[in-house]
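Taking it in order: structure first as structure tokens, then the write-up.
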Amino acid sequence: MNKSYRQGQILELVRGCAIHTQEELAQALQHIGIPATQVTLSRDIRELQLAKTPDGYRPLAPEPAGPDFALVAAEFIHDIRLAQNCWC
């Protein structure tokens, strides 16, 4: 198993059911045929930015990326004209 596959399976597991401990996560992975040590799971949890909540591990909400381009364009662009600069 490669790392990206294992991490994808971890995300599916934590999104699909309540997993409260790394031991539960290791057992769930073992059940689907993916062996993982506690050290590996700790690293994966950190890299996947999972947070431990009362409902189990959950992905952190993504940071807002900023305003939508269409909104900014509508607010600041009033007119577009072709420049008459010719370097010929």
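For the single chain, residues carry numbers from 1 onward in sequence order.
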Judged by atom type as modelled, is there a donor-acceptor pair below 3.5 Å linking the side chain of Thr40 to the main-chain atoms of Ala36?
no

With side chain to side chain contact (heavy atoms under 4.5 Å, CB included) as the criterion, how do Arg43 and Glu47 come out once you've worked through the C-alpha distance, each side chain's angles and the decisive distance to 0.1 Å?
CA-CA 6 Å; Arg43 188 179 312 116; Glu47 289 176 4; 3.4 Å; yes

List for me each residue that meets side-chain contact (heavy atoms from CB on, under 4.5 Å) alongside Ala26, sequence neighbours excluded, and say none if there are none.
Leu41

Taking distance alone, no hydrogens or angles, what donor-acceptor pairs closer than 3.5 Å link side-chain atoms of residues 50-59 to residues at least two apart or in another chain?
unit_1 : atom_1 : unit_2 : atom_2 : d
Lys52  : NZ     : His20  : O      : 3.3
Thr53  : OG1    : Asp55  : N      : 3.2
Thr53  : OG1    : Gly56  : N      : 3.4
Thr53  : OG1    : Gly56  : O      : 2.6
Arg58  : NH1    : Val14  : O      : 2.3
Arg58  : NH2    : Asp55  : O      : 3.3

Closest heavy-atom pair and its distance - Gln30, Pro35:
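Scanning both residues completely, I find the closest heavy atoms to be OE1-CA, 3.7 Å.
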
What is the distance from atom CG of Leu60 to atom CD of Gln49, rounded to the nearest 0.5 Å?
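Going from the CG atom of Leu60 to the CD atom of Gln49 covers 6.0 Å.
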
Qualifying residue for side chain to side chain contact (heavy atoms under 4.5 Å, CB included) with Ile10, from Ile19, Ile34, Asp44:
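So, applying the side chain to side chain contact (heavy atoms under 4.5 Å, CB included) to Ile10 and each of Ile19, Ile34, Asp44, only Asp44 qualifies.
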
Give a yes or no on whether Ile32 and Tyr5 share a hydrophobic cluster (residues Ile, Leu, Val, Met, Phe, Trp, Tyr; joining criterion: side-chain heavy atoms under 4.5 Å apart).
yes

Going by salt bridge (charged side-chain N to carboxylate O under 4.0 Å, His left out), name the pairs with one or both residues in residues 9-24, residues two or more places apart or in two chains.
none

